Amino acid sequence: MDDPRFLVLYGVLAVIAFATFRKALRDPKARLISQVDTIPIVGSSGFLSSYRNAFAFLANASTLIQQGYDEHHQGVFRVARLFRWEYVVCGPKLVKEVGAAPEHILSFRAGLQEIIPTRLVIGAAISDNPYHHRTIRTSLTRNLHACFPDVRDEIICAFNDVLRVESSEWKTLPVLPIIMAVVARVSNRIFVGLPLCRNKTYLQNNVQFTLDVVRSSQRIVLFPKFLQPFVASLITNRNKSFATAVKLLGPTIEDRLSKEREMGPDWPGKPNDFISWLLETAEGEERTAPALVLRILNTNFAAIHTSSMAFTHALFDLATHPEHLLPMREEVECVVKEEGWSKAALNSMVKVDSFLRLNNGGASVMHRKVVAKEGFQFSDGTILPHGALMYVASRATHYDEANFENPAKFDGFRFAQERQRRRCCFTDVISTAVDHLPFGTGKHACPGRFFAATELKAMLAHLVLNYDIKAEVEGVRPPDAVFGVRITPNPTGKVCFRKRMD
Ligand code: HEM
């Protein structure tokens with residue numbers, strides 16, 4: 001054993017084993033498809049350095065993806081992760097192809113499992129039968145006009161309760177927890193109605209569940225697939241959150257089910273809320289209180305996380321660029337004077353709309369897994385193998401000079417000005433164009449975006465009308481929190497509020 005030749009031999013064997021292991025981990029199927037080798041690698045491709053790169057990706061994904069976008073802005077490149085390559089898609093033509101691909105070729109559901117393992121952190125029923133997406137797309141969206149007075153009422157009460165700003169004194173408050181509390185409350189006014197939407201334990205449980213899903217997903221996906229169920233069983237609080245939700249929401253749903261059994265589906269006095277809309281579409285074993293509670297818990301996750309992140313980004317932007325406040329206040333005053341508070345009136349608030357645009361800070365969007373056995377071929381000839389995970393470089397697209405003039409300069413009203421210039425063919429906050437990707441584009445573009453836009457625009461309009469807002473330190477925006485492709489607003493960042501002074 002002391003013979004140095006053995007050391008060399010073991011060294012060589014270790015290197016071969018590692019190389020084989022690496023190939024098996026990163027390219028289980030790609031070995032058969034030599035075309036993958038022609039897809040450019042961004043970042044290190046070296047033997048050990050690619051692993052260093054995979055760790056560094058957790059902190060610098062955005063920079064690496066931006067570098068890839070600059071080099072291949074109309075194509076596909078790949079980045080090394082610990083157990084696989086990931087493929088990043090750039091440019092309008094290819095992004096459109098991702099958005100248009102059917103589920104049996106590029107799977108949204110399988111792609112989602114790679115970033116949020118829904119089966120483990122929420123429940124298999126949700127990923128196997130996502131019928132509630134239809135309820136969100138149709139009933140929730142159709143009822144936005146009718147439900148707007150409730151949304152508005154809840155926004156007023158919720159901000160009064162969480163801000164507790166009554167005087168001309170500035171009050172410095174942490175933004176993200178406040179906004180999560182408001183979004184949870186306003187969303188639940190439509191999901192489950194009064195009085196539950198104001199129950200502190202119920203709301204706290206939904207917020208905690210949301211945070212838990214995001215945090216535990218981030219950790220679980222770092223492990224190989226076979227270990228993920230075990231890791232999930234150690235770190236998620238799913239069962240506790242579910243039990244609390246069943247305790248608090250279960251009786252309301254039982255009551256609805258029993259009224260429906262007694263008086264039929266259109267019983268007099270039936271509330272116009274998400275529970276009723278779900279009951280119109282739920283079938284078989286989904287028509288039980290626990291199954292419906294899980295749907296609503298999951299819808300809370302979909303709504304609270306994304307909307308709170310987007311609005312917190314917007315509030316940090318507003319506090320850092322307070323010159324946007326007065327023009328928005330004037331706009332809201334003018335619109336409300338002419339049209340009152342309504343969903344339609346929000347359409348006339350173009351500055352408010354513009355200010356909320358592009359507030360999806362993530363580096364990537366539209367995660368898809370190739371599920372077609374033969375792989376997926378783009379029109380430029382690039383072939384991704386079966387099992388490959390791909391996504392679109394959203395942040396780089398939003399900062400592309402070809403799409404937006406002077407993109408690095410913060411201009412909250414750039415889209416309002418464009419709207420005025422073009423008069424027609426303008427896009428607004430809910431647009432799902434290939435160069436405007438906060439909600440994705442194509443077949444799986446977010447079905448909750450109409451609700452989200454209504455809620456967030458009404459919230460921003462309310463704040464600028466009633467409060468003065470400034471940064472804790474003038475001109476300083478709390479730094480974003482970065483974890484891989486996720487870029488979320490600073491969780492402890494603060495902003496100062498006071499009652500409007502003029
Ligand atoms: C600002 C807030 C929001 C943002 C930025 C956002 C963003 C997104 C994105 C990027 C996707 C994936 C698109 C794709 O992969 O092609 C998505 C999907 C989805 N979102 Fe949202 N979302 C928001 C609010 C909401 C709300 C409020 C709800 C529910 C009420 C919701 C429910 C969903 C659902 C169910 C899907 C899956 C769609 C499908 O399977 O086809 N989202 N969202």
Side-chain angles (χ1 to χ4, degrees), residues 89 95-103 106-116 118 122 126-141 143-144 147 151 179-180 183-184 186-192 206 210 213 273-274 277-278 295-314 353 356-369 389-392 394-395 397-398 429-434 436-460 485-489:
V89 181
V95 171
K96 201 167 175 189
E97 290 169 22
V98 175
E103 181 69 17
L106 286 189
S107 172
F108 166 86
R109 278 196 236 169
L112 184 65
Q113 292 302 317
E114 301 289 327
I115 44 166
I116 298 176
T118 331
I122 300 179
I126 297 295
S127 46
D128 295 351
N129 177 17
Y131 77 89
H132 61 291
H133 293 190
R134 209 167 57 246
T135 318
I136 295 170
R137 184 173 291 113
T138 56
S139 309
L140 176 63
T141 305
N143 278 291
L144 285 176
C147 294
V151 170
I179 297 308
M180 287 192 115
V183 168
V186 176
S187 305
N188 277 283
R189 178 73 180 258
I190 306 302
F191 295 168
V192 302
N206 281 302
T210 300
V213 166
D273 63 15
F274 197 73
W277 307 327
L278 269 184
R295 289 289 143 181
I296 290 176
L297 198 56
N298 175 64
T299 308
N300 265 279
F301 158 68
I304 294 175
H305 179 66
T306 48
S307 302
S308 308
M309 297 298 148
F311 199 80
T312 303
H313 274 305
D353 184 286
L356 284 166
R357 298 270 301 262
L358 298 184
N359 268 318
N360 171 12
S364 66
V365 75
M366 299 171 69
H367 294 73
R368 302 285 186 271
K369 194 163 184 176
L389 179 71
M390 73 168 83
Y391 40 82
V392 167
S394 51
R395 192 176 176 86
T397 306
H398 294 158
V429 69
I430 52 167
S431 151
T432 57
V434 284
H436 184 262
L437 297 163
F439 296 106
T441 185
K443 284 181 189 301
H444 291 281
C446 174
R449 66 188 187 277
F450 305 95
F451 173 65
T454 303
E455 184 180 51
L456 299 187
K457 282 167 77 172
M459 281 167 60
L460 185 56
V485 291
R486 281 182 213 276
I487 302 168
T488 46

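We're numbering straight along the sequence, starting at 1. Counting starts at 1 for both ligands and their atoms, following the listed order. What you see is a predicted model, and the numbers here were worked out from it, not measured in a lab.
Each of the atoms 41 (O) of ligand 1 lies under 4.0 Å from some heavy atom of R137. Close approach of ligand 1 to R368 is summarised as follows: ligand atoms under 4.0 Å from at least one heavy atom of the residue are 14 (C), 15 (O), 16 (O). Proximity to A303 (heavy-atom distance under 4.0 Å) selects the following atoms of ligand 1: 26 (C), 27 (C). Numbered from 1 in the order shown, with element, the atoms of ligand 1 that lie under 4.0 Å from a heavy atom of F451 read 27 (C). Residue V365 has at least one heavy-atom neighbour below 4.0 Å for each of these atoms of ligand 1: 10 (C). Listed by number with element, the atoms of ligand 1 under 4.0 Å from a non-hydrogen atom of P438 are 5 (C), 7 (C), 10 (C).
Within the set I304, N298, I136, T306, the minimum heavy-atom distance to atom 3 (C) of ligand 1 is found for T306. The residue from F439, F108, F191 that puts a heavy atom closest to atom 4 (C) of ligand 1 is F439. Comparing heavy-atom distances from atom 36 (C) of ligand 1 across P447, A453, S394, G448 singles out P447 as nearest.
The shortest distance between side-chain heavy atoms of T299 and L140 does not fall below 4.5 Å. The shortest distance between side-chain heavy atoms of R189 and V151 does not fall below 4.5 Å. Using a 4.5 Å heavy-atom cutoff, the side chains of M366 and V89 are not in contact. In this structure, H398 and L437 have side chains that are in contact, with non-hydrogen atoms separated by less than 4.5 Å.
Checking only distances, T441 never comes within under 3.5 Å of ligand 1, N or O to N or O. Residue contacts with ligand 1: K443 is placed with no nitrogen or oxygen under 3.5 Å of a nitrogen or oxygen of the ligand (distance criterion only). In terms of N/O distances under 3.5 Å, ligand 1 is not approached by S307.
Rounding to the nearest 0.5 Å gives a distance of 12.5 Å between CD1 of I296 and OG of S187.
Among R368, K369, H367, the one residue that satisfies the side chain to side chain contact (heavy atoms under 4.5 Å, CB included) test with E114 is K369.
Using a 4.0 Å heavy-atom cutoff, R449 is absent from the residues neighbouring ligand 1.
A donor-acceptor pair under 3.5 Å is absent between the side-chain atoms of T118 and the main chain of Q113, judged by distance alone.
Closest approach of S307 to V183, counting heavy atoms only: CB-CG1, 4.0 Å.
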Side chain to side chain contact (heavy atoms under 4.5 Å, CB included) for Y131 and L278? Distances and angles first, verdict last.
CA-CA 9 Å; Y131 77 89; L278 269 184; 3.9 Å; yes
